[in-house]
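Written below as structure tokens is the structure these notes are about.
Whatever order the structure lists them in is the order used to number ligands and atoms, beginning at 1.
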Amino acid sequence: MSEIAERFPSIRALLVTRGEIGEGLSEGGRHHVKKTLARMGIALREGVSVTALEARRLRVEGGPDIDCDACVWAASFGVSPLARDAGFAVSPRGQVLVDATMRSVSHPEVFAVGDAAIPAESVGVPIRMGCATAMPMAACGADNLADSVQGRAPTGFRYAYLAQFVSLGRRECLAQLVHHDDSPRDLFLTGILASSLKELTFRMNLFGIRTGFYPWRLLLLAAPRLASKASSGPSQIAR
Ligand SMILES: Cc1cc2nc3c(=O)[nH]c(=O)nc-3n(C[C@H](O)[C@H](O)[C@H](O)COP(=O)(O)OP(=O)(O)OC[C@H]3O[C@@H](n4cnc5c(N)ncnc54)[C@H](O)[C@@H]3O)c2cc1C
């Protein structure tokens, strides 16, 4: 929304959310986000549940409905019903339940990673969908797949959070530093420093794709690791 409002300053922008803006942020971080949105002329409606989207109108629980010329829907991710329909053990959301080595707990011949999967056992921190979690899961699954083929022992998944980034247009950003379990620290960065840090994370990933060395692997060395006990079942890998 901030990107749109910044690019088209003459529009009347309204941000609607069921919860509160920046729920997972520190008080200072949330204040910064709200102050920046207000400065950009973006109005906020919090605690509003949208029940349906019609042409030029949002139906709202308890009313009043909201008229609009254009609506940008950004209400979280969904999971394909494919795994559930195929008979895999899945989470209530439909994600494949995997063991510490990223093998399906019901079909150990299948590795599942990323948004479509979730460890059945707690890794000590909540695993939310996102590229920040999808990449380490993918790396863990790929390593263990290669290890299984070559007869080496698998290693358990490890994960910890470091920061959350909220882009607030091209020139403003919030970098909320978080504890390992994703809960906010009191410390946060704003402005060019935060934007540069976010840019750096993208560049680090680009560097990883080009070189095969992902710098976040070093950051995760201190993270909690799941015991690498693999699911019982067929040890043969499907090829
Ligand atoms: C606009 C946007 C911005 C985002 N920004 C961030 C961010 O800043 N930070 C962050 O952490 N996360 C961000 N995310 C989330 C992040 O992109 C995802 O969490 C991440 O890509 C998940 O990786 P994945 O490999 O699990 O799934 P995906 O990247 O979604 O890949 C799944 C692939 O499977 C393919 N596929 C699906 N069904 C089938 C099928 N039946 N047969 C064959 N292929 C199929 C799809 O085409 C796709 O290529 C963003 C997402 C969006 C949409």
Side-chain angles (χ1 to χ4, degrees), residues 1-7 15 17 21-25 29 33 36 70-88 90-91 93-99 101-104 107 110-120 123 125-145 157-184 188-190 193-209 212 214-217 219-220 223 238:
M1 180 59 83
S2 52
E3 301 271 343
I4 296 169
E6 187 182 64
R7 177 72 180 79
L15 186 53
T17 178
I21 297 291
E23 267 167 346
L25 303 174
V33 170
T36 307
C71 171
V72 178
W73 188 275
S76 191
F77 306 125
V79 179
S80 160
L82 188 64
R84 175 176 279 136
D85 293 349
F88 281 72
V90 294
S91 70
R93 268 185 165 172
Q95 292 162 294
V96 177
L97 290 174
V98 291
D99 66 16
T101 70
M102 300 292 122
R103 285 174 160 211
S104 155
H107 296 69
V110 174
F111 285 79
V113 298
D115 286 354
I118 191 148
V123 63
V125 300
I127 299 295
R128 57 177 155 79
M129 290 182 185
C131 60
T133 47
M135 282 191 294
M137 286 172 85
C140 176
D143 284 349
N144 284 329
L145 175 58
F157 180 58
R158 64 178 1 154
Y159 194 72
Y161 294 92
L162 200 62
Q164 286 182 21
F165 291 98
V166 182
S167 176
L168 296 163
R170 292 288 86 189
R171 289 177 295 273
E172 186 51 87
C173 179
L174 173 81
Q176 171 69 64
L177 302 189
V178 298
H179 297 283
H180 277 180
D181 65 357
D182 210 23
S183 59
F188 61 89
L189 306 171
T190 61
L193 199 59
S195 315
S196 308
L197 209 57
K198 182 165 170 55
E199 182 69 19
L200 182 69
T201 62
F202 287 133
R203 285 182 189 271
M204 280 201 317
N205 288 331
L206 209 56
F207 174 78
I209 292 166
Y214 290 84
W216 47 256
R217 285 195 157 212
L219 296 172
L220 288 186

Is there at least one pair of N or O atoms, one from A116 and one from ligand 1, spaced under 3.5 Å apart? no

Okay, side chain of Y214, backbone of M135: is any donor-acceptor separation there less than 3.5 Å? no

Right, does atom 4 (C) of ligand 1 have protein non-hydrogen atoms nearer than 4.0 Å? no

Atom of S167, atom of S2 and distance for their closest heavy-atom approach: O-OG, 3.4 Å

Over all atoms of both residues, closest heavy-atom pair of P119 and M102: CG-CE, 4.5 Å

Main-chain N/O of R170 paired with E6 side-chain donor or acceptor, under 3.5 Å: yes

Under 4.0 Å from one or more heavy atoms of A134, ligand 1 contributes atoms 22 (C), 23 (O)

Ion pair present between R7 and E3, side-chain N to carboxylate O less than 4.0 angstrom? no

If you look at every heavy atom in S104 and F88, which pair is closest and at what distance? OG-CD2, 3.5 Å

For atom 16 (C) of ligand 1, is there a protein heavy atom at a distance under 4.0 Å? yes

What protein heavy atom lies closest to atom 11 (O) of ligand 1? Include the residue and the distance to one decimal. C131 N, 2.9 Å

Specify whether the nearest protein heavy atom to atom 28 (P) of ligand 1 is under 4.0 angstrom away. no

What's the separation between atom CG in L197 and atom CZ in F165, rounded to the nearest 0.5 Å? 4.0 Å

Nearest protein heavy atom under 4.0 Å from atom 23 (O) of ligand 1, yes or no: yes

Other residues, nucleotides and ligands only: do more than 12 of their heavy atoms fall within 6.0 Å of CZ on R128? yes

Protein contact to atom 41 (N) of ligand 1 [nearest heavy atom, distance to 0.1 Å]: L82 CD2, 4.2 Å

heavy-atom search around atom 8 (O) of ligand 1 in the protein gives K198 NZ, 3.9 Å

Look at the side chain of N144 and the backbone N and O of T101, then say whether any donor-acceptor pair between them is shorter than 3.5 Å. yes

Counting non-hydrogen protein atoms only, what is the nearest one to atom 14 (N) of ligand 1? Give residue, atom name and distance. F77 CZ, 4.1 Å

Is there a protein heavy atom at a distance of less than 4.0 Å from atom 51 (C) of ligand 1? yes

For atom 26 (O) of ligand 1, what is the closest protein heavy atom, and at what distance to 0.1 Å? D115 N, 2.8 Å

Please tell me if atom 33 (C) of ligand 1 is touched by the protein, where touching means a protein heavy-atom distance below 4.0 Å. no

With no hydrogens and no angle check, is any side-chain donor or acceptor of T17 less than 3.5 Å from a backbone partner on I21? no

Distance under 4.0 Å to a non-hydrogen atom of A132: what atoms of ligand 1 satisfy this? 11 (O)

Could you tell me whether atom 39 (C) of ligand 1 has a protein heavy atom closer than 4.0 Å? no

Considering the heavy atoms of G114, write down every atom of ligand 1 situated less than 4.0 Å from one of them. 26 (O)

I'd like to know if the side chain of D115 reaches the main chain of F77, judged simply by a donor and an acceptor atom lying under 3.5 Å from each other, with no hydrogens or angles considered. no

So, 4.0 Å and heavy atoms of F165: is ligand 1 close enough to count as a contact? no

